[in-house]
Engineer: 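Sending over a structure as structure tokens; questions will come in a sec.
Note that the numbering runs from 1 along the sequence shown for the chain. All values below come from the heavy atoms of this structure, side chains included, with hydrogens, waters and symmetry mates left out.
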Amino acid sequence: MVNRMVLFSGGKDSMYALERCAEDGGIDLLVSIVSVNRDTRLHAGPETNENFRKTQLASLDFPTEEIIVGDGKNYLGEIYFGLKSIVDTRGIRQLVTGDLWHPYTGGIGDMLAGALNVTITRPAREACPSREYARAYVMDLINRGMESTLVSVRENVLPSEFVGRNLNLRLVDELEKMGIDSSGESGEYQSTVNFSRLMNRRLIIDAYDVSLAEGKNGKERFHRMNIKEFHTEDANRND
């Protein structure tokens, strides 16, 4: 059996990759990469807060390890050494990422897999190999019952009012009319998954505010959701 670890940010694409692997042979480990300020480090833009992410991970019935890295430019090296320790300890043979079509994220994945001497698989890229597939890909997520919320949007690309929007057909249509990639693969937005078929709880965001935050690459700024209150509901609740 191939020992698989999934790089998991909690966004729609990593959740999709997780779902696909769970359907096709399963996985052995989720790896959550967070910085010392408790954001994840898998994207340029800021994401959700620590307690929300921990609750999300707890709703998934998979073993999880966390790698904590600094805020400096060496974070990719720190990710490598953290993953190397896991690979050596657990005998991991396959790395799973939520990368779509973008060559930059693909290059980072290739670099990590080569340095770790593991194979890499990208279920989301198989579904969305270019921007032309974005709508079909996002509609597949929606049709799977995945519920996602936009938690940050890039300044001068999307207005702050888009933070907190649910990723649904109406939003997909709006983004496409604006000429924006509805999958957000170029960093137009970041999402968090409130519910998927693999989660035993649904996360409900009750209160938040929005602030302007620096991107992790130091080149862009993002309107970012700061979650103040949230609660969970049983996934099987019918009311």
Engineer: What pairs with Arg201 under side chain to side chain donor-acceptor pair (under 3.5 Å), at least two apart in sequence or on another chain?
Structural biologist: Thr232
Engineer: Any side-chain to backbone donor/acceptor pair from Thr89 onto Ile86? Under 3.5 Å, distance only.
Structural biologist: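 A pair under 3.5 Å: no.
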Engineer: Is there a side chain to side chain contact (heavy atoms under 4.5 Å, CB included) between Glu50 and Arg53 once you walk through the steps?
Structural biologist: CA-CA 5 Å; Glu50 178 182 9; Arg53 285 181 49 75; 5.9 Å; no
Engineer: Does a donor on one side chain sit under 3.5 Å from an acceptor on the other, for Arg224 and Asn226?
Structural biologist: yes
Engineer: Could you give me the CA-CA distance, side-chain angles and deciding distance for Leu7 and Ile33, then say whether side chain to side chain contact (heavy atoms under 4.5 Å, CB included) is met?
Structural biologist: CA-CA 8 Å; Leu7 293 187; Ile33 300 171; 4.0 Å; yes
Engineer: If you look only at pairs with a residue in residues 143-202, which of them pass as a ring pair (Phe, Tyr, Trp, His ring centres under 6.0 Å), with sequence neighbours excluded?
Structural biologist: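 Not a single pair qualifies under ring pair (Phe, Tyr, Trp, His ring centres under 6.0 Å).
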Engineer: Indicate yes or no: at least one non-hydrogen side-chain atom of Asp181 is less than 4.5 angstrom from one of Leu175.
Structural biologist: no
Engineer: At their closest point, which heavy atom of Ser186 faces which heavy atom of Arg154, and how far apart are they?
Structural biologist: O-NH2, 3.2 Å
Engineer: Examine distances only and state if a side-chain atom of Asp28 and a backbone atom of Met5 form a donor-acceptor pair shorter than 3.5 Å.
Structural biologist: no
Engineer: For Ser85, check side chain to side chain donor-acceptor pair (under 3.5 Å) against everything at least two apart and list the hits.
Structural biologist: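 Testing Ser85 for side chain to side chain donor-acceptor pair (under 3.5 Å), a comparison that skips the adjacent residues, returns none.
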Engineer: Could you give me the CA-CA distance, side-chain angles and deciding distance for Val6 and Leu29, then say whether side chain to side chain contact (heavy atoms under 4.5 Å, CB included) is met?
Structural biologist: CA-CA 6 Å; Val6 177; Leu29 184 69; over 6 Å; no
Engineer: Would you call Asp88 and Lys84 a salt bridge, using N to O less than 4.0 angstrom?
Structural biologist: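 Result for this pair is yes, salt bridge flagged.
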Engineer: Output, in order, the C-alpha distance, side-chain angles, deciding distance and verdict of salt bridge (charged side-chain N to carboxylate O under 4.0 Å, His left out) for Arg135 and Asp173.
Structural biologist: CA-CA 9 Å; Arg135 182 183 181 89; Asp173 287 342; 2.9 Å; yes
Engineer: Do you know the tightest heavy-atom contact between Ala127 and Tyr133?
Structural biologist: O-CB, 3.9 Å
Engineer: As a quick check of understanding, evaluate side chain to side chain contact (heavy atoms under 4.5 Å, CB included) for Lys228 and Ile205, giving each step before the final call.
Structural biologist: CA-CA 8 Å; Lys228 302 298 184 181; Ile205 299 172; over 6 Å; no
Engineer: Do you know which two heavy atoms are closest between Phe62 and Ala22, and how far apart they sit?
Structural biologist: CZ-CB, 4.4 Å
Engineer: If you draw a 6.0 Å radius around CG in Asp209, do more than 12 non-hydrogen atoms from other residues or ligands fall strictly inside?
Structural biologist: yes
Engineer: Go through the structure and list residues passing salt bridge (Lys or Arg N to Asp or Glu O under 4.0 Å) with Glu19, not counting sequence neighbours.
Structural biologist: Arg144, Arg197
Engineer: List the residues meeting salt bridge (Lys or Arg N to Asp or Glu O under 4.0 Å) with Arg165, not counting sequence neighbours, and say none if there are none.
Structural biologist: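 Expected list: Glu174.
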Engineer: List for me each residue that meets side chain to side chain donor-acceptor pair (under 3.5 Å) alongside Asn156, sequence neighbours excluded, and say none if there are none.
Structural biologist: none
Engineer: How far apart are the closest heavy atoms of Tyr80 and Ala115, and which atoms are they?
Structural biologist: CE1-CB, 3.6 Å
Engineer: How far does OG of Ser182 sit from CG of Leu171, to the nearest 0.5 angstrom?
Structural biologist: 8.5 Å
Engineer: For Glu147, give me all partners under side chain to side chain donor-acceptor pair (under 3.5 Å), at least two apart in sequence or on another chain.
Structural biologist: Arg202
Engineer: Using side-chain heavy atoms (C-beta onward) and a distance below 4.5 Å, is Ile92 in contact with Asn3?
Structural biologist: yes
Engineer: Would you check if there is a donor-acceptor pair between the side chains of Glu185 and Ser183 at a distance under 3.5 Å?
Structural biologist: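 The answer is no; no qualifying pair exists.
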Engineer: Going hydrophobic residue to hydrophobic residue with side-chain gaps under 4.5 angstrom, can you get from Ile204 over to Tyr208?
Structural biologist: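 Hydrophobic grouping puts Ile204 apart from Tyr208.
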Engineer: If we only count heavy atoms from C-beta on, is the Pro129 to Trp101 side-chain gap below 4.5 Å?
Structural biologist: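 Result no, sub-4.5 Å side-chain heavy-atom pair not found.
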Engineer: Return yes if a side-chain donor-acceptor contact under 3.5 Å exists between Ser59 and Asn200, otherwise no.
Structural biologist: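 No, Asn200 and Ser59 have no side-chain donor paired with an acceptor closer than 3.5 Å.
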Engineer: Is there a donor-acceptor contact under 3.5 Å from the side chain of Thr119 to the main chain of Arg93?
Structural biologist: yes
Engineer: Can any side-chain N or O of Glu220 pair as donor or acceptor with the backbone N or O of Glu155 at less than 3.5 Å?
Structural biologist: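 Such a contact is absent between Glu220 side chain and Glu155 backbone.
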Engineer: Out of curiosity, Leu112 CG to Leu76 CG, how far, rounded to the nearest 0.5 Å?
Structural biologist: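 Output value for this atom pair is 7.0 Å.
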Engineer: Salt bridge or not between Asp13 and Arg122? Use side-chain N to carboxylate O under 4.0 Å.
Structural biologist: no
Engineer: Not counting sequence neighbours, which residues clear ring pair (Phe, Tyr, Trp, His ring centres under 6.0 Å) with Phe230? List them please.
Structural biologist: Phe52
Engineer: Distance from Ile27 atom CD1 to Leu60 atom CG, nearest 0.5 Å?
Structural biologist: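 If we round to the nearest 0.5 Å, Ile27:CD1 and Leu60:CG are 8.5 Å apart.
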Engineer: Can you give me the closest heavy-atom contact between Ala17 and Gly98, atom names plus distance?
Structural biologist: CB-CA, 4.2 Å
Engineer: With a 3.5 Å distance limit and no angle check, can you tell me whether Ser14 reaches the backbone of Ser9 through a side-chain donor-acceptor pair?
Structural biologist: yes
Engineer: Applying ring pair (Phe, Tyr, Trp, His ring centres under 6.0 Å), name anything that partners Tyr137, two or more places apart in sequence or on another chain.
Structural biologist: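 So Tyr137 forms a ring pair (Phe, Tyr, Trp, His ring centres under 6.0 Å) with Tyr16.
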Engineer: According to salt bridge (Lys or Arg N to Asp or Glu O under 4.0 Å), who are the partners of Asp206, at least two apart in sequence or on a separate chain?
Structural biologist: none
Engineer: Indicate yes or no for a side-chain donor-acceptor contact from Arg125 to the backbone of His102 under 3.5 Å, with no hydrogens or angles considered.
Structural biologist: yes
Engineer: Where is the tightest heavy-atom contact between Thr121 and Gln94, given as atom of each residue plus distance?
Structural biologist: CG2-OE1, 3.5 Å
Engineer: Output the distance between atom CD1 (Ile120) and atom CE (Met111), rounded to the nearest 0.5 Å.
Structural biologist: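 The CE atom of Met111 is 10.5 Å from CD1 of Ile120, to the nearest 0.5 Å.
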Engineer: Working to the nearest 0.5 Å, report the span between CE of Met199 and CG of Leu18.
Structural biologist: 10.5 Å
Engineer: Can you tell me how far OG of Ser196 sits from CE of Met15, rounded to the nearest 0.5 angstrom?
Structural biologist: 4.0 Å
Engineer: Any sub-3.5 Å donor-acceptor pair from Asn143's side-chain atoms to Met139's backbone N or O?
Structural biologist: yes
Engineer: Can you name the residues that form a salt bridge (Lys or Arg N to Asp or Glu O under 4.0 Å) with Glu65, not counting sequence neighbours?
Structural biologist: Arg90
Engineer: Within a strict 4.5 Å, meaning less than it, do heavy atoms of the Val34 and Ile67 side chains meet?
Structural biologist: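 Sidechains of Ile67 and Val34: no contact.
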Engineer: Side chain to side chain contact (heavy atoms under 4.5 Å, CB included) with Leu57: which residues, sequence neighbours excluded?
Structural biologist: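 Partners of Leu57 under the side chain to side chain contact (heavy atoms under 4.5 Å, CB included) test: Phe8, Leu30, Ser32, Thr64.
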